[in-house]
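Notes for the one structure printed next.
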Amino acid sequence: MSKTVERHEFQAEVKQILDIVVHSLYSNKDVFLRELISNASDALDKVRFHGLTDSHLLPEEDLHIHIERNPDNRTLSVSDNGIGMSREEVAQNIGTIAKSGTTEFLKALEESRSRQELTPELIGQFGVGFYSTFMVADRVGVLTRRAGEETATLWESAGDGWYRIEESERDTAGTTVTLHLKLVDEENGVKDYVDEWVIRDIVKRYSDFVSYPILMKVEKQEVEREADGSPKKGGTPRKVVEDETLNSMKAIWARPKGQVTDTEYHEFYKHISHDWNDPLTQISVRMEGAVDARALLFIPSHAPLDLYHQEMSYRGLQLYVKRIFIMDECRDLMPHHLRFIKGVVDAEDLSLNVSRELLQQDRQIAAIRKFLVKRIMEALSKLKDDQLEKYRIFWAQFGAVLKEGLLSLEESRDPILDLVLCASSHSETEPTTLADYVSRMKEGQDKIYFLTGPSREAVEQSPHMEGFLQKGYEVLFFTDRVDDVWLQNPPPFHDKHWQSLGRGEVELGTDAERREAEETLKEQTTTHKDLLALLKEILDDEVKEVRLTNRLTASAACLVGDAQDPSPQIVELLRQLGQDVPKVKRILEINPSHPILQKMQQRFDKDRSDPSIQTLAELLYGQTILAEGGQLPDPARFSRMVADLMVRDG
């Protein structure tokens with residue numbers, strides 16, 4: 001029967017990525033072997049897991065990874081007897097990386113180049129580690145057979161923009177990746193990768209902890225021995241070639257902390273996460289009592305580019321039971337707002353054939369999750385207290401994700417509030433904790449004042465800030481999208497409630513100052529009562545009320561929402577999600593001492609039907625929208641009114 005051979009061209013973006021990976025991205029080319037070993041280890045994990053319910057899928061030999069060197073042909077092969085791939089899986093997983101977001105990859109790479117920074121983390125973030133093989137090989141072949149299938153598949157490419165796939169044969173299930181190596185070029189980082197000691201060094205450095213034996217045939221001198229096993233006198237040494245295990249296979253999470261170096265922790269993290277950066281920190285914990293479990297958790301130093309892509313798969317926590325791999329992504333062990341945590345959990349008492357559905361109902365899983373969350377919160381708190389600069393790195397990468405936990409009603413939100421960092425009017429450069437804010441509150445202040453917006457610059461320039469800055473009140477700035485959601489109904493912090501500058505009425509100053517301001521505002525409202533009523537009539541389609549305020553000092557007006565109304569950002573977010581949101585009218589607050597109000601009052605007193613009052617009212621409303629960075633309902637009409645006003649006499 002003739003074999004079906006297919007020749008395909010890589011996508012344009014993939015060819016770009018291949019060229020970048022091969023020629024300009026990485027100075028340390030040794031990592032290609034780590035990627036191949038990690039992929040092989042994943043394949044062994046999967047066949048082991050599927051073998052729990054279908055023993056026919058398990059190979060007759062023990063699970064292993066085998067490295068084969070051929071100095072004469074200058075080839076290097078990495079084989080496993082794992083799950084293997086079908087023809088369709090080969091085409092999907094190796095023939096293209098479009099599903100990983102090549103456009104975003106190239107955009108991120110271009111940004112890094114403009115900063116003249118190397119970005120090895122990009123490979124891990126986009127799951128294209130296999131392509132690092134082309135850094136050291138002129139041609140790469142993948143021979144694979146899916147467990148349970150009879151036909152094998154051969155994939156080959158020279159990294160020149162084309163690849164071919166054909167049917168082939170393989171005695172057992174598994175995968176063999178064969179590299180036709182480039183010539184040694186020490187100047188450009190290409191070592192002699194068929195040299196035994198080069199391979200030994202790379203495996204020891206990057207993959208010593210892999211839980212399956214990494215075998216390689218090595219040549220040894222064997223001395224003749226007597227029947228009792230002692231060396232034979234005068235015996236002639238002879239050369240033998242036999243498999244040797246290159247890695248220790250020690251479960252790193254089960255070893256005492258003092259016996260594991262930071263380098264070992266970092267390499268293990270890179271192995272399980274496929275992130276080429278060192279982690280920010282690691283958390284090693286042991287749970288004893290009703291449930292026995294060990295966990296080794298890592299906080300990454302960089303956020304992956306798919307962190308907010310809910311539909312995209314991401315590696316979270318690997319679950320083991322008594323050192324036996326169960327699943328690669330056990331989301332039930334970690335709440336969604338801690339999805340950036342990577343690591344391994346090894347439990348003692350879970351059923352080995354537990355399914356994902358049963359896991360969701362398992363009380364032991366719930367107990368482990370609660371314990372892990374507590375220890376992560378403690379570790380982050382300690383990092384904040386002891387290494388603030390390091391914690392700021394964490395917050396810049398993952399703070400917005402962590403704040404998603406403030407939306408939950410199932411778990412305590414106090415530990416997260418203690419970890420929050422935010423910009424404030426107290427400092428132009430240093431973010432503050434909520435505890436530090438409370439410690440600086442003015443005497444008699446009973447609220448935490450805050451304002452949300454798209455950026456610090458936009459919030460600082462908001463008219464809502466004027467009265468607070470004049471009276472010396474510190475204001476917190478929240479600029480992440482999640483802030484608009486959790487600050488709709490924020491939990492108290494140290495018995496202090498929250499007050500948005502953009503919602504509800506705000507009273508500033510001491511009790512005496514408040515009473516005086518209230519009396520003055522009443523008098524001013526009486527003076528302008530009829531004008532305010534006319535402005536409300538003119539703007540009735542846009543605002544629910546027009547009133548005077550003492551929160552402004554320089555601006556003419558601002559828009560505020562009722563205390564129970566959703567913010568404009570929430571309304572816009574709901575609309576983007578396809579929700580049919582009724583129009584939410586806000587309150588127009590006017591500065592009673594501003595010349596614009598005085599001018600409108602003069603025209604009103606002179607002629608209540610003066611058409612210019614309507615023009616000024618609409619311009620005032622439009623100006624308040626622009627001041628807060630909003631979108632005008634009718635920009636063309638606003639532009640015409642401004643132009644008419646500019647050429648009008650008087």
Side-chain angles (χ1 to χ4, degrees), residues 308 334-341 366 369-385 388 391-392 394-426 431-442 444-453 456 459 464 468 473-508 560-571 573-574 584:
Y308 296 98
M334 199 61 56
H336 192 63
H337 64 277
L338 294 178
R339 62 185 178 274
F340 53 85
I341 296 291
R369 167 179 163 139
K370 183 177 180 181
F371 177 78
L372 294 180
V373 169
K374 180 181 178 183
R375 294 302 298 269
I376 292 169
M377 292 295 104
E378 291 173 352
L380 289 174
S381 181
K382 181 174 175 57
L383 187 68
K384 175 174 66 71
D385 294 339
L388 184 56
Y391 182 77
R392 285 173 176 162
F394 159 79
W395 188 260
Q397 297 293 319
F398 301 107
V401 176
L402 187 63
K403 284 186 288 188
E404 291 177 12
L406 294 170
L407 304 175
S408 173
L409 299 178
E410 298 176 1
E411 300 178 39
S412 174
R413 295 181 285 179
D414 290 344
I416 300 178
L417 285 176
D418 287 330
L419 295 172
V420 167
L421 290 184
C422 56
S424 103
S425 57
H426 177 73
T432 184
T433 65
L434 298 183
D436 286 342
Y437 174 90
V438 170
S439 70
R440 294 190 295 265
M441 287 173 61
K442 292 169 66 74
Q445 180 182 345
D446 60 353
K447 298 284 181 62
I448 299 173
Y449 296 124
F450 71 92
L451 193 57
T452 62
R456 177 181 178 131
V459 173
H464 299 93
F468 290 84
Y473 286 94
E474 181 180 354
V475 179
L476 300 178
F477 306 146
F478 289 95
T479 57
D480 292 318
R481 290 186 67 177
V482 67
D483 294 326
D484 287 309
V485 185
W486 75 269
L487 284 168
Q488 286 287 112
N489 186 27
F493 179 76
H494 292 192
D495 296 326
K496 300 291 184 182
H497 291 273
W498 299 71
Q499 175 65 59
S500 169
L501 275 59
R503 294 170 64 196
E505 296 190 60
V506 179
E507 297 178 340
L508 300 177
V560 299
D562 264 346
Q564 304 305 318
D565 284 344
S567 68
Q569 293 88 349
I570 290 292
V571 171
L573 179 61
L574 291 173
V584 179

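On a predicted model such as this, the values are computed, not experimentally measured, just so you know.
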Qualifying residues under side-chain hydrogen bond (donor to acceptor under 3.5 Å, both in side chains), relative to Y449, sequence neighbours excluded: none
Could you label the plane-to-plane angle of the W486 and F478 rings as parallel, tilted or perpendicular, counting under 30° as parallel and over 60° as perpendicular? perpendicular
Could you report the tightest heavy-atom contact between P335 and V373, atom names first, then the distance? CD-CG2, 3.4 Å
Within-4.5 Å side-chain heavy-atom neighbours: L407 and Q488: no
Could you list the residues that satisfy side-chain hydrogen bond (donor to acceptor under 3.5 Å, both in side chains) with S500, not counting sequence neighbours? none
For the pair K403 and W395, evaluate side-chain contact (heavy atoms from CB on, under 4.5 Å) and give the outcome as yes or no after the intermediate values. CA-CA 10 Å; K403 284 186 288 188; W395 188 260; 3.9 Å; yes
What's the spacing between T479 OG1 and L451 CG if we round to 0.5 Å? 11.0 Å
Quick one, T432 and L421 - any side-chain contact, counting heavy atoms below 4.5 Å? no
From I448 CD1 over to L434 CG, what is the distance, rounded to the nearest 0.5 angstrom? 6.0 Å
When you measure from the side chain of R375 to the backbone of L372, do you find a donor-acceptor pair of N or O atoms at a distance under 3.5 Å? no
Looking at Y437, F493, F450, which hits ring pair (Phe, Tyr, Trp, His ring centres under 6.0 Å) with W498? F450
Show your reasoning for whether side-chain contact (heavy atoms from CB on, under 4.5 Å) applies to F477 and C422. CA-CA 6 Å; F477 306 146; C422 56; over 6 Å; no
From M441 CE over to E474 CD, what is the distance, rounded to the nearest 0.5 angstrom? 10.0 Å
Taking side-chain contact (heavy atoms from CB on, under 4.5 Å) as the test, write out the residues that go with A400, two or more places apart. Y308, D480
With sequence neighbours excluded, tell me which residues meet salt bridge (charged side-chain N to carboxylate O under 4.0 Å, His left out) with K447. none
Counting C-beta onward and ignoring hydrogens, is there a side-chain heavy-atom pair between V482 and L406 closer than 4.5 Å? no
Is the count of non-hydrogen atoms from other residues, nucleotides or ligands lying under 6.0 Å from D495 atom CG greater than 12? no
Which residues pass the salt bridge (charged side-chain N to carboxylate O under 4.0 Å, His left out) test with R413, not counting sequence neighbours? none
Supply the atom-to-atom distance L417 CG to T433 OG1, rounded to the nearest 0.5 angstrom. 11.5 Å
Evaluate L402 against M377 for side-chain contact (heavy atoms from CB on, under 4.5 Å), listing each step before the verdict. CA-CA 10 Å; L402 187 63; M377 292 295 104; 3.9 Å; yes
Check R503 against D562 and note the closest heavy-atom contact, atom names and distance. NE-O, 3.9 Å
Minimal non-hydrogen separation, S424 against R456, with atom names: O-NH2, 3.1 Å
Audit row: D385, K382, side-chain contact (heavy atoms from CB on, under 4.5 Å) steps and yes/no: CA-CA 5 Å; D385 294 339; K382 181 174 175 57; 5.8 Å; no
Here the gap from L383 atom CG to L419 atom CG, rounded to the nearest 0.5 Å, amounts to 9.5 Å
Any donor-acceptor pair under 3.5 Å linking the side chain of S439 with the backbone of D436? yes
If the condition is side-chain contact (heavy atoms from CB on, under 4.5 Å), which residues does V560 pass it with, not counting sequence neighbours? H464, R547, R551, C558, I587, E589
Please indicate whether K370 has more than 12 foreign heavy atoms, meaning atoms of other residues, nucleotides or ligands, lying under 6.0 Å from its NZ. no
